[in-house]
Structure formats: C-alpha cells, structure tokens
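Throughout, protein chains are lettered first and strands after them, A, B, ... in sequence-line order, and every chain is numbered starting at 1. All values reported here derive from a predicted model rather than from experimental measurement. These values consider heavy atoms only, across backbone and side chains, with no hydrogens, waters or symmetry-generated copies.
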2 protein chains.
Amino acid sequence: MQKYFDVLKKCALFHGIEENNLSSLLTCLGARVLNFDKKEAIFYEGDPAKHLGIVLSGSAQIITDDYLGNRSIVSTIEPSDLFAESFACAEAESIPVDIIASSKCSVMLIDCGHIMYTCSNTCAFHQQMIFNLMKDLAQKNIRFHQKAEITGKRSTREKLLAYLSQEAKKNKAREFDIPFNRQELADYLEVERSGLSAEISRMVKEGIIENRKNHFVLADGR
Amino acid sequence: MQKYFDVLKKCALFHGIEENNLSSLLTCLGARVLNFDKKEAIFYEGDPAKHLGIVLSGSAQIITDDYLGNRSIVSTIEPSDLFAESFACAEAESIPVDIIASSKCSVMLIDCGHIMYTCSNTCAFHQQMIFNLMKDLAQKNIRFHQKAEITGKRSTREKLLAYLSQEAKKNKAREFDIPFNRQELADYLEVERSGLSAEISRMVKEGIIENRKNHFVLADGR
DNA sequence: GAAATTCCGTTGAAATTTCAACAGAAGAGG
DNA sequence: CCTCTTCTGTTGAAATTTCAACGGAATTTC
C-alpha cells in the first residue's frame with residue numbers, strides 16, 4: 001500500500017492525519033486494495049453499502065441505468081476521491097447505483113463501521129475521520145446542487161452551456177478537456193447523443209464554443 | 001423555546017442527546033428562533049452560509065431560479081428537518097439557493113461554527129452532533145440520488161410516475177397527498193405546468209392514476 | 001358574500017428532442 | 001498496413017415539450 005500514500009494523503013478522509021500514522025491506521029481499519037479493468041463494475045446496484053471506497057489510480061463513474069436502458073452518469077471519480085461513502089455512512093441497505101471503472105483502476109475499500117464505531121481503542125483518529133467525512137459529505141451535497149443546476153435546465157444547449165461554464169470555472173480557464181466522450185457527455189447531461197452532437201455543431205457554427213473531441217474552448221463572456 | 005422541544009427532539013442534529021440537556025445546549029450554541037410569513041425568504045441565494053436551520057413549525061422549499069425565470073424546487077422541508085447544513089458544514093462562501101417559507105413558519109438558526117469548532121469546553125455534545133450531522137448529510141445525499149432518479153427521466157410521464165412511486169413507498173400506501181400544487185409539482189419535476197396537467201389528465205383517463213387536487217391514488221402494480 | 005386573485009385543465013401552434021439509420025473518422029488489434 | 005470495432009456528425013420523421021392564451025373553478029380578501 002505504501003506506493004499509494006501520495007494519493008491517500010490527498011484524500012479528504014485522512015485530512016489532518018500524519019502520513020507516518022497512515023500505515024497503522026489502514027491496518028486498524030482493515031483497508032483492502034482491489035484492481036479493476038476498464039468497464040468492470042466496482043459495485044453493482046444492490047450491493048451492500050458497508051464499504052466506502054477511495055480511488056487510488058485510474059477513474060470510475062457513478063451510473064444509474066433505468067429499466068428502459070436509459071443511462072445517466074451521476075459523476076466521475078478520480079484518484080484520491082471518496083465514493084460510496086454516502087451510502088455507507090447513512091447505513092443504507094444497499095447501493096442504488098452502479099460504480100464502473102472507466103479505465104483500469106485500483107481502489108481501496110474500508111468498512112465504514114470501522115470508522116464510525118469500532119476500533120476506538122487502538123487508534124485515536126476516529127473523531128478526525130468522522131469530522132472529515134462530515135465535510136466531504138457536505139461538499140458532495142453541494143456538488144449535487146451544482147449538478148442539478150445543469151440537468152435542471154430545460155434545453156440541451158442550456159445544459160451544455162451550464163456544464164461548460166462550471167468546468168471553465170473549475171479549471172480557471174476558458175479552455176479545457178472534459179472526461180467524457182460524446183455518449184458519456186450526453187448521459188451526464190441527460191440528453192440524446194445525436195441531439196447533443198447537433199447542438200454542439202450549431203454552437204460551434206455560431207461561434208459560442210470551439211470543440212475538438214473532448215477539448216472545449218468557451219468564447220469570451222461565457 | 002421550550003414549546004418547540006417536541007420538534008427539536010425529533011431533529012437529527014440532537015439524536016442521542018437527552019431532552020433535559022437541550023436547553024443549556026441551545027444556549028451554548030447561541031440558537032435563535034425566527035418567524036416568517038408565507039412566501040417570505042428565510043435565506044436568499046448569496047447569503048452567507050454560516051448558519052444551519054431547523055424548521056420548528058410550518059414548511060419551506062429549497063428553490064433555484066435561473067436567469068430566465070425557470071424555477072426548480074429542489075426539496076421541501078418540514079418541522080424537525082435540518083436545512084442549509086450542507087453549505088454551513090462545507091464552509092461554503094454563500095448559499096446557492098433560495099429558501100422560501102411555503103407557509104407561515106418558524107425556524108431555529110444555529111451558527112455551524114459553534115457546532116464544529118468552538119464551545120467544546122462547556123458542553124460535551126459536539127462529537128455527538130458532528131456524528132449526527134455526518135449521518136444527516138449522508139442521508140441527504142441519498143435523497144439527492146432519489147431526486148435525480150426522478151428528474152433524470154426523459155419524459156413528463158416517467159418523471160411523474162417515478163415521483164408518485166417514491167411517494168407511495170414513503171407513505172407505504174398507494175394513496176397519499178403531495179405537498180405541491182400543480183405549478184410547484186411541475187417545478188419539482190422540472191417540466192412545464194400545462195404539459196404536466198395534460199399528462200395527468202391522460203394518465204387518469206388511462207386508469208393509471210386517480211387524482212383530485214394534491215391527492216393521488218396509484219393503480220395496482222405501480 | 002361579493003370581488004379579486006390565484007389555480008388549473010385545455011388547446012393548437014411552434015420549437016425541441018428523440019429515434020433510427022447511415023457513413024465517414026478514428027482507434028484498436030493483429 | 002489492413003481489418004474490425006467504436007465513435008461521431010448528420011438527417012429526416014415522429015413524438016414530446018414548450019409557449020401563449022383562455023375560461024372556468026377554487027380560494028382569498030375584505
């Protein structure tokens with residue numbers, strides 16, 4: 001696990017915890033590392049919600065498919081991001097989403113009960129981790145609001161613009177790459193792929209954006 | 001404040017805290033009670049995110065309006081519900097939503113910093129409250145997933161059915177009242193009011209639902 | 001209880017999105 | 001370098017949603 005310490009240090013769960021305590025802490029928590037190939041499921045909908053995860057390398061997507069095969073990408077997760085912590089912390093029965101590796105990736109799994117309840121004898125970091133979880137969950141909540149600001153828009157153009165604006169702000173630049181291909185972007189914005197392609201073409205023609213593959217440039221004042 | 005103790009006891013923030021400790025705890029936290037008339041704003045978008053709130057009586061709605069006047073109702077809150085805790089716990093600059101009284105109501109406001117940091121000398125309940133906040137935030141996260149399952153549907157009918165199914169499950173009954181009028185329901189589902197009305201009519205004709213005002217009955221097997 | 005206001009279903013036209021299908025581009029594998 | 005697969009833009013038709021407008025029902029106000 002040693003080799004992942006740089007990633008783990010950045011993980012919100014371990015804020016305020018010294019790196020030299022990490023090793024024993026992880027042992028105490030019973031942390032495991034698992035590896036997945038691209039497109040493999042890290043969790044399936046319906047899996048028990050006992051564990052939270054940390055992405056160590058690669059990336060994954062939180063996905064819901066409805067019974068008609070409509071796919072919706074809730075979010076993407078990257079190294080040092082936590083995932084499934086909401087379900088574990090809420091002590092939900094099971095996970096309501098699929099979590100799918102979008103590239104070869106490795107993740108660390110921790111039984112959330114070990115953080116919230118047991119183990120308080122051996123290591124003194126539980127209060128810190130609970131505090132960290134609280135902040136992480138609050139931030140995830142805010143991100144949901146931001147996502148809702150995108151998907152709540154009524155038209156494809158508005159959704160795309162809302163999304164690109166957020167990305168531009170996040171990257172502090174009018175020019176950036178997005179972590180989606182066309183189909184995925186459509187699933188994230190919750191629109192039709194072909195309609196999205198058409199809309200992108202129109203917006204390029206109108207000079208509102210520039211685009212090549214997953215690289216976008218926003219015109220001034222967007 | 002005494003008269004609100006029954007409501008406060010049920011509030012997730014105070015789980016595991018004895019009622020006879022509540023009074024001194026609230027003093028320690030600097031809790032204030034404010035009253036609002038129907039349609040009055042409890043918070044405006046842009047207000048500082050220092051305080052979390054607890055609904056004591058009446059009800060309110062979390063709302064986002066975009067620059068085109070498109071309104072979206074994120075959620076409704078009722079007595080003993082927490083609100084704005086995500087923004088306060090995440091130490092966000094400001095609140096990204098409006099919170100509007102949907103009836104005459106009173107709310108308690110608590111400076112979140114008092115829960116997370118200071119005051120640890122006088123009262124021993126901070127760890128408990130932080131733990132409670134963590135669980136509350138995790139549950140709110142799950143509710144966002146549920147909301148997304150509704151708004152992520154592509155058609156008005158699908159959205160309405162997803163919403164009504166959730167309500168039926170929540171009420172453990174095929175028959176229930178919803179906390180919205182038509183315009184509000186449309187804003188919650190993120191569709192057009194007139195289209196929603198038309199869709200409801202069609203579904204009634206088809207025998208899928210029964211409806212009178214805000215009372216709905218789902219047919220078997222929904 | 002009368003008047004004023006808000007709420008709600010309906011409707012038809014306009015705009016948008018979805019769907020299905022296809023062909024060229026790009027990428028992966030051998 | 002060739003083949004096979006996946007990805008993407010385009011297009012036209014069908015379906016759905018939005019928009020604007022109206023009148024009647026229901027509710028609020030005084």
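Taking the ring centroids of A:Phe87 and B:His145, they lie under the 6.0 Å cut-off.
More than 12 heavy atoms of other residues, nucleotides or ligands lie within 6.0 Å of CD in A:Glu206, so this atom counts as buried by the packing criterion.
The distance between atom CG of B:Asn211 and atom P of C:dC7, rounded to the nearest whole Å, is 16 Å. Look at CD on B:Gln183: it is 13 Å from P on C:dT6, rounded to the nearest Å. Look at CD1 on B:Ile200: it is 13 Å from C1' on C:dT10, rounded to the nearest Å.
For the pair B:Glu184 (side chain) and B:Asn181 (backbone), a donor-acceptor distance under 3.5 Å is present.
Geometrically, B:Lys10 does not engage B:Phe5 in a cation-pi contact defined by less than 6.0 Å to the ring centre and at most 45° from the axis. Taking the ring axis of B:Tyr163 as reference, the NZ or CZ atom of B:Lys153 does not stay both within 45° of it and closer than 6.0 Å to the ring centre.
Of all the heavy atoms in A:Asp81 and A:Thr76, the pair that sits closest is OD2-O, 4.3 Å.
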remark   = Letter by letter from the 5' end, nucleotides 12-30 of chain D scores (B base, S sugar-phosphate only, - none; protein heavy atoms under 4.0 Å) -----SBBBB-----S---

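Considering only the side chain of B:Ser201, C:dG9 comes nearest among C:dG9, C:dC8, D:dT8.
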